[in-house]
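Letters go in sequence order (proteins before strands), and every chain restarts at 1. Only heavy atoms go into these numbers, but all of them, side chains included; no hydrogens, no water, no symmetry mates.
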Amino acid sequence: MDALKNRRNLESKEVGALKAKGQDASAEIAAMKQVSEQIAALDAQLREAETTREEKLLYVPNPPHPSVPDGAAAESNREVRRWGAPPAFDFAPKPHWELGEKLGILDLPRAAKVSGSGFTCLRGAGARLQRALLGFMLDLHTQKHGYTEIWPPVLINAKSMTGTGQLPKFAEDMYALRDDPLWLAPTAEVPVTNLYRDEVLRADQLPIKLCAYTPCFRREAGSAGKDTRGMIRVHQFDKVELVKITSPETSSAEHEALVRDAEAVLQALGLPYRVMLLCAGDMGFCAAKCYDLEVWCPGVNAWLEVSSCSNFEAFQARRMNLRVKDAEGRNRAAHTLNGSGVAFARLNVALLENFQRADGSIALPEALRPYLDGRAEIR
RNA sequence: GGAGGAGUGGCUGAGCGGUUGAAGGCACCCGACUUGAAAUCGGGCAGCGGGGCAACCCGCUCGUGAGUUCGAAUCUCACCUCCUCCGCCA
């Protein structure tokens with residue numbers, strides 16, 4: 001193939017030289033025409049084979065990191081550590097939907113009227129609390145953890161969705177627009193990581209640490225009937241996301257640090273949680289290793305996932321052609337990581353259920369008060 | 001949405017069918033001059049993939065993709081992005 005192309009290149013130059021001298025080159029031209037036809041045929045074959053191969057590769061999941069435990073489902077996840085103690089109540093703790101409704105801060109019936117089931121509407125102090133959480137989390141990550149704040153688009157094209165691994169396999173999990181080839185972001189991971197798609201980064205730019213607040217949209221296809229009450233599993237929720245782009249050498253350490261950054265949110269709010277290392281079977285398609293942060297929610301009597309911190313290693317970087325130039329000047333796939341820091345909906349659940357009092361009012365954590373004009377409770 | 005214009009190396013900017021992978025400038029690197037620096041002068045300097053111990057060699061790349069041609073940065077078509085003006089609009 002390359003040899004044929006080489007011949008065409010060389011002899012075409014000769015044709016040019018002959019013509020420049022005013023000589024006849026029709027014999028050479030005829031020969032080259034044949035060569036060009038051969039090249040075109042081979043080229044088409046090669047392209048087709050490569051396209052087929054790449055399409056198939058897009059469906060191959062990321063192999064788990066060696067430190068990931070075996071196992072098919074959540075039962076095999078390993079608890080790594082636990083922080084805080086579940087609160088002791090001298091009354092029966094209520095679930096968040098009862099608390100929220102009584103306080104007039106959560107209006108699920110009207111949200112269903114506007115959009116449908118699986119949507120929430122917060123009101124008054126509930127809405128105000130979101131604004132406080134947003135400021136609190138972003139300040140924590142930008143001021144204490146060294147992340148740069150990003151405010152990205154949330155309507156996403158197919159290339160970006162493929163880059164982070166949502167497409168082509170998970171198209172049915174996402175909302176698509178009817179008239180434009182765009183998708184609603186299921187997580188800020190997509191727009192934020194894809195900011196660097198098709199780039200070659202210098203080692204001295206790394207690690208890149210970004211955080212972003214965005215709404216997130218998920219169809220939750222296939223999870224019908226699960227967690228249908230309240231605001232545990234909804235189609236639209238808000239999230240502060242942490243994203244890192246690192247060299248292959250440092251991604252593992254950066255992953256651990258990212259988990260700690262997410263934990264810092266829960267610690268500052270005083271919410272009891274545990275860190276779970278997911279087993280191979282419970283991890284997503286893209287991750288090489290993943291920790292979940294699960295916060296204790298006494299009202300629903302369950303540990304709820306408020307953050308999922310993944311190291312994708314080179315998986316996403318290869319899909320999005322994101323590379324790092326190493327010391328020898330070679331380009332290698334970067335490593336990408338992300339984790340929620342943290343998701344709002346379930347955080348609300350945790351705040352309401354953990355800090356509820358017998359009379360149905362809610363005590364607000366100290367750390368949030370500067371963001372709430374000093375307010376200490378919702379009642 | 002309508003009408004125009006533009007996309008070339010890290011940046012800028014020429015080229016508009018035939019040794020052009022691409023002039024010039026800036027930036028950068030090496031060297032000379034200098035006590036040092038600046039200025040000046042000389043030299044070097046695109047990326048990706050493949051082959052070789054190496055000197056080097058080959059292929060691809062001028063927004064993307066198709067096409068015309070023996071040969072395309074240069075011609076044709078489609079798409080994408082950006083800019084200007086009009087309309088609409090938070």
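- For B/rU20 and B/rG59, the P atoms lie 16 Å apart once the distance is rounded to whole Å.
- Comparing the same atom, P, in B/rU61 and in B/rG49 gives a spacing of 16 Å after rounding to whole Å.
- Across the strands present, B/rA37 finds no partner; the criterion is a Watson-Crick or G-U wobble pair with both atom distances under 3.5 angstrom.
- The distance between atom CZ of A/Arg202 and atom P of B/rG10, rounded to the nearest whole Å, is 13 Å.
- A 3.5 Å limit on both hydrogen-bonding distances identifies no Watson-Crick or G-U partner for B/rA46.
- The shortest side-chain heavy-atom distance between A/Leu167 and A/Trp183 falls under the 4.5 Å cut-off.
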## Note on the structure
Letter by letter from the 5' end, nucleotides 55-76 of chain B scores (B base, S sugar-phosphate only, - none; protein heavy atoms under 4.0 Å) ---SSS-----S---BS-----
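- Only the C1' atoms considered, B/rU76 is 28 Å distant from B/rG1, to the nearest whole Å.
- If you check every strand for non-hydrogen atoms under 4.0 Å, A/Lys159 touches nothing.
- Searching all strands for a Watson-Crick or G-U wobble partner of B/rC75 with both distances below 3.5 Å returns B/rG67.
- Checking side-chain atoms of A/His141 against main-chain N and O of A/Ala212 turns up no donor-acceptor pair under 3.5 Å.
- A donor-acceptor contact closer than 3.5 angstrom links the side chains of A/Ser361 and A/Arg357.
- Counting only distance, with no hydrogens or angles, the side chain of A/Glu241 and the backbone of A/Asn338 share no donor-acceptor pair below 3.5 Å.
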### Query
Stepwise, does the side chain to side chain donor-acceptor pair (under 3.5 Å) test hold for A/Gln316 with A/Asn194?
CA-CA 9 Å; A/Gln316 295 180 326; A/Asn194 275 286; over 6 Å; no
### Query
Does the side chain to side chain contact (heavy atoms under 4.5 Å, CB included) test come out yes or no for A/Met231 and A/Val349, once each step is laid out?
CA-CA 7 Å; A/Met231 50 195 301; A/Val349 172; 3.7 Å; yes
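- Spacing between B/rG15 and B/rG9 at atom P, rounded to whole Å, works out to 16 Å.
- The separation between A/Lys325 atom NZ and B/rG47 atom P is 7 Å, rounded to whole Å.
- Two residues are said to be in side-chain contact when any heavy atoms from C-beta on lie closer than 4.5 Å; A/Val240 and A/Val265 fail this criterion.
- Pairing of B/rA54, defined by two Watson-Crick or G-U wobble distances under 3.5 Å, is not identified with any nucleotide.
- Annotated as anti: B/rU81, whose O4'-C1'-N torsion sits more than 90° from 0.
- Look at B/rA3: its Watson-Crick or wobble partner, with both distances under 3.5 angstrom, is B/rU84.
- Figure legend. B/rC26 is base-paired to B/rG10; pairs are counted as Watson-Crick or G-U wobble with both atom distances under 3.5 Å.
- B/rG21 sits 15 Å from B/rG71 when the P atoms are compared, rounded to a whole Å.
- Across B/rG25 and B/rA46, the matching P atoms stand 15 Å from one another, rounded to whole Å.
- The P atoms of B/rG65 and B/rC88 are separated by 39 Å, rounded to the nearest whole Å.
- Side-chain N/O atoms of A/Glu149 and A/Tyr213 include no donor and acceptor closer than 3.5 Å.
- We find that CG of A/Asp198 is positioned 18 Å from P of B/rG47, with the value rounded to whole Å.
- The CG-P distance, from A/Asp179 to B/rG1, rounds to 11 Å in whole Å.
- Nucleotides B/rC33 and B/rA22, compared at atom C1', are 34 Å apart to the nearest Å.
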